[in-house]
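Written below as structure tokens is the structure these notes are about.
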Number of protein chains: 4
Amino acid sequence: MLRTVMANLNKVLLLGNLTRDPELRYTPKGTAVADLSIAVNRRVSDGAGNWTDETTFVDVTVWGNTAENSQKYLTKGRGVFVEGRLQLDTWEDKQSGQKRSKLKVVGETVQFLPDARGGGVPNGGGGSPSPSARPAGGGYANPPQGGSAGPDSDYDDEGDDIPF
Amino acid sequence: MLRTVMANLNKVLLLGNLTRDPELRYTPKGTAVADLSIAVNRRVSDGAGNWTDETTFVDVTVWGNTAENSQKYLTKGRGVFVEGRLQLDTWEDKQSGQKRSKLKVVGETVQFLPDARGGGVPNGGGGSPSPSARPAGGGYANPPQGGSAGPDSDYDDEGDDIPF
Amino acid sequence: MLRTVMANLNKVLLLGNLTRDPELRYTPKGTAVADLSIAVNRRVSDGAGNWTDETTFVDVTVWGNTAENSQKYLTKGRGVFVEGRLQLDTWEDKQSGQKRSKLKVVGETVQFLPDARGGGVPNGGGGSPSPSARPAGGGYANPPQGGSAGPDSDYDDEGDDIPF
Amino acid sequence: MLRTVMANLNKVLLLGNLTRDPELRYTPKGTAVADLSIAVNRRVSDGAGNWTDETTFVDVTVWGNTAENSQKYLTKGRGVFVEGRLQLDTWEDKQSGQKRSKLKVVGETVQFLPDARGGGVPNGGGGSPSPSARPAGGGYANPPQGGSAGPDSDYDDEGDDIPF
DNA sequence: TTTT
DNA sequence: TTTT
């Protein structure tokens, strides 16, 4: 029989917040790689009119320029949009000799969202940011916005459930 | 032959900014409906190392609660994420009697993004926003952030092309 | 203010069937372009337990190799998976001088699905297909399957509503 | 500060083939659950003009009716389209007491594609299928097609790389 | 190991 | 009719 190959699609779309600063490292061959840890929230109903946020923590691996720019421009708390694919890493457990595998997400494009906190540059001082410190993503910049979250910034969630 | 129905998918995903305030109206039957006009930018290369932004303007129709909340909480300039589907409206042109059609996007879910400008509530005064005036989307709120963009806020685009 | 560019996304995903053979043409500059007409079905409930199929007809424009291969390998009835983006064509109406616009879908990748009818090569004769006539998509082949649908093949749709 | 919740998205789209028959089981509470093992192929270039297929194996968990219908209607080799989300299962390793986690895909909708092999009903006999034995997915049916792949149907993959 |  |  001729090969009847199916159309194939392996796509992951994530919109969420970084749970920590990206960690940049290099492979032995010198390729940049970084892991983005993203928290994605989902409203879940208990069926009795109560909604809670269920959070999924997803690690996304990015390579090359994307890795280097992620480390440069993304920081904990930042909102990001990631388009990527699933990858199943497989290896043999050295101790047991058993086959092991782990599902991962490889990020192909990363864009970042405006800083919800309207806050300054991550780790930023009080002065003008240097050009190289400008947060940016996907060719998209995101500036400092001067304000401090200040004393009003305690977490406060009441009354925000809009039945969109 | 039995019907061999294919899997079907009709999905539109948009992330962009509103080009104007949503306009809420009602059908004769009383159903709320609103049109969101969204500008989506795409970086386009001319092949010679120059990148420009190409903007696509997309109108998205939303219904019911989504329409009402869009009108309440979304304003011109706002970033939104829309998940929807394509719809082909067809009608007969009264004058010519010809069949006409128009491709549209129906928005099924709308979420909004933090205000990039770090600005206050849309149309907002200086005090605490009333609960009903809180901008929110998808069950997600977006608060005033107190800051003013200030004198630095002139549009400035140089140096922002990060090769992500 | 620095430019606070939003993340942007303009994505269309379609899975459906071609309503006619693709029509290949060339621009004055010699670029291949084809229009794919795709029917996408959606199950719609009337709220009273009855489900009907609502069909959306979407025209997708494809360029270059994708256009040429679409014309070579895709035929009416074929299942296709398209990933693309929305595009708003705008022009001035010559008669009225008014600005007009039309929302279109540009297909960036096209893959095709196995022929649900289990039928032979499109336009195919009885013999072995020549290599160049092999239907394929996205680097994916789809062979002739030689069989006849047989006497059971009258259209028959009852009882197929699986509450998946 | 009010909660400035980001838009959130956690979406997985897969189009591939089942590597084995779905396994249906029930939770202690009686909820049906099944695991679909899906192979998704991706064309990968080595940069020197050679393309190979890289296969990613993804396990997808489906619940309730979707689980039961998957077991009824889906079989090894079948093409499926899955729309779902990522989920991170976490638990404590009993032996080591360490926190462990595993990324999974939860399938929210499953549709199936026509059988590329043009073959009959899975496990099917020669007669008319009973209504309950009709393969179907997403409210979509897929009939027996009676034919035999015939003498042309030897596996043959050369020359199929269409530069779509 | 967790973000908002 | 356009947003950033």
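Hydrogens, waters and symmetry mates are skipped; everything else that's a heavy atom, side chains included, is used. Numbered from 1 within each chain, the chains take letters A, B, ... in sequence-line order. Please read all numbers here as calculations on a predicted model, not as lab measurements.
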Would you mind reading off the distance between [X] atom [atom1] and [N] atom [atom2], rounded to a whole angstrom?
X	N	atom1	atom2	result
A:L14	E:dT4	CG	P	17 Å
D:N10	E:dT3	CG	C1'	14 Å
D:D93	E:dT1	CG	P	13 Å
D:L9	E:dT3	CG	C1'	16 Å
A:L15	E:dT3	CG	P	18 Å
B:F81	F:dT4	CZ	P	20 Å
B:R20	F:dT4	CZ	P	14 Å
D:W91	E:dT1	CH2	P	13 Å

Do A:N65 and A:N69 get their side chains close enough for a donor-acceptor pair, meaning under 3.5 Å?
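A:N65 vs A:N69: no donor-acceptor pair found between side chains.
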Report yes if the side chains of B:I38 and B:V80 come closer than 4.5 Å at any heavy-atom pair, otherwise no.
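The answer is yes, as the side chains (C-beta and beyond) meet within the 4.5 Å cut-off.
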Are any non-hydrogen side-chain atoms of D:K99 and D:W91 less than 4.5 angstrom apart?
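Side-chain contact under 4.5 Å: no.
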Under 4.0 angstrom, heavy atoms only, what part of the nucleic acid is B:D35 near: base, sugar-phosphate, or nothing?
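Result for B:D35 = nothing.
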Between [options], which one does the side chain of [X] approach most closely?
X	options	result
B:T19	E:dT3, F:dT3, E:dT4	F:dT3
B:K76	E:dT3, F:dT3, E:dT4	F:dT3
A:N17	F:dT1, E:dT3, F:dT3	E:dT3

I need the single residue from B:W63, B:Y26, B:Y73 that forms a side-chain hydrogen bond (donor to acceptor under 3.5 Å, both in side chains) with B:E68. Which is it?
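Going through B:W63, B:Y26, B:Y73 one by one, the side-chain hydrogen bond (donor to acceptor under 3.5 Å, both in side chains) with B:E68 is satisfied by B:Y26 alone.
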Less than 4.0 angstrom between a side-chain N/O of D:K99 and OP1 or OP2 of E:dT1, yes or no?
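Yes, D:K99 has a side-chain N/O under 4.0 Å of OP1/OP2 on E:dT1.
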Taking B:D89 first and then B:K104, would you say they form a salt bridge - that is, a charged N and a carboxylate O separated by under 4.0 Å?
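Counted as a salt bridge, because a side-chain N and a carboxylate O are separated by less than 4.0 Å.
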Stacking check: are the rings of B:F57 and F:dT3 less than 5.5 Å apart at their centres and under 30 degrees in tilt?
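Here B:F57 fails the 5.5 Å or the 30° condition.
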Can you say whether a donor on the side chain of A:S37 sits under 3.5 Å from an acceptor on the base of E:dT2, or the other way round?
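Such a pair does not exist between side chain and base.
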